[in-house]
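This report refers to the structure that appears directly beneath it.
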There are 2 protein chains.
Amino acid sequence: MPDIRLDTTLIALADPTRRLVINALRKQPRRAGELVAMASISAPAMSRHLKILRQSGLIAEEDVENDARVRLYRLQPEAFADLQTWLDEVQSFWAGQLDAFKAHVEGKTVRPKGKRTKPKDQLK
Amino acid sequence: MPDIRLDTTLIALADPTRRLVINALRKQPRRAGELVAMASISAPAMSRHLKILRQSGLIAEEDVENDARVRLYRLQPEAFADLQTWLDEVQSFWAGQLDAFKAHVEGKTVRPKGKRTKPKDQLK
DNA sequence: ACGATAATTAACAATTTGGCTAATTATTAG
DNA sequence: CTAATAATTAGCCAAATTGTTAATTATCGT
């Protein structure tokens, strides 16, 4: 089961333009047109990037009260939590890695759980 | 200037198969063939995924001492640091966001730095 | 030496991505 | 009402991505 949430988050972040948007919104909310100017790409291109970011939940759309034409975008902090959690889990790999190293120096080549009962690739 | 390091890291992580590899290596180093079996894709496909992960620095190749045919892959923890740092920076958005909110309730619509001197889109 | 094994590279097909221009929708300003 | 503005959607194209099978390289076991 592929983690669909983490997947969309990482896909959304794996683009320089979209990260530029994220970085810009870090300081303050911005209208779509402002983001277009910052990224120096066409408005339609930015619109699609914003859609992807919106769908990933990383940013949210907001209306301004005096002009219904403009759309204000702002960062959605909660959406980063899953990635943060996953990263922390990955970073906690030391435990497992140390076990493996221990087994290694003890002369047992690291092996998958029950793949082969006879260690063919054993240390001489 | 697009952050090339962060870019390759996120592109590498933005694929379910590659994340499956990362998750697998969290517990212990694995040979290429084992990873192929886990992901149930062809060996060549996995080989290319491993290449991308290797080039991103997220994993490292290692030789086993009794069989020169097998390649052992292990996690490279340092390579996650940049992403972790960037994520922390993004998460620290609260300061800026609060400033914007303050300006907002004070009646000044949030605007880019020196875009327009006259607040055209002012609150009525 | 010879066949099997581990992994990679080569070559190709299908899909996705990201960008552009043109068109569309909605709203504002004169 | 009409022109201008803000943003999105539609349609098209080039480049990149991912997967497959076939071929290649290197090494091991007998």
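Residue numbers start from 1 in every chain, and the chains themselves are labelled A, B, ... in the order their sequence lines are given, proteins ahead of strands. Side chains included, hydrogens not; waters and symmetry mates left out as well; all remaining heavy atoms used.
- For the pair B:Asp63 CG and D:dA26 C1', the computed distance is 12 Å after rounding to whole Å.
- Listed by chain and residue number, A:Trp86 satisfy the side-chain hydrogen bond (donor to acceptor under 3.5 Å, both in side chains) test with B:Asn23 (two or more places apart in sequence, or in another chain).
- Every residue was checked against the side-chain hydrogen bond (donor to acceptor under 3.5 Å, both in side chains) condition with A:Arg48, not counting sequence neighbours, and none meets it.
- Residue pairs meeting the salt bridge (Lys or Arg N to Asp or Glu O under 4.0 Å) criterion with at least one partner in residues 7-24 of chain A, sequence neighbours excluded, are A:Asp7-B:Arg19, A:Arg19-B:Asp7.
- At whole-Å resolution of the value, CZ in B:Arg30 and P in C:dA6 are 16 Å apart.
- Looking at residues two or more places apart in sequence or on another chain, you find no side-chain hydrogen bond (donor to acceptor under 3.5 Å, both in side chains) involving B:Arg71.
- For the side-chain hydrogen bond (donor to acceptor under 3.5 Å, both in side chains) test, no residue two or more places apart in sequence or in another chain qualifies with B:Gln55.
- For B:Leu35 and C:dA6, the CG to P distance is 14 Å, given to the nearest whole Å.
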Original post:
What string of B, S and - do you get for nucleotides 7-23 of chain C, 5' to 3', when a contact is any protein heavy atom under 4.0 Å?
Top reply: SBB--------BBBBB-

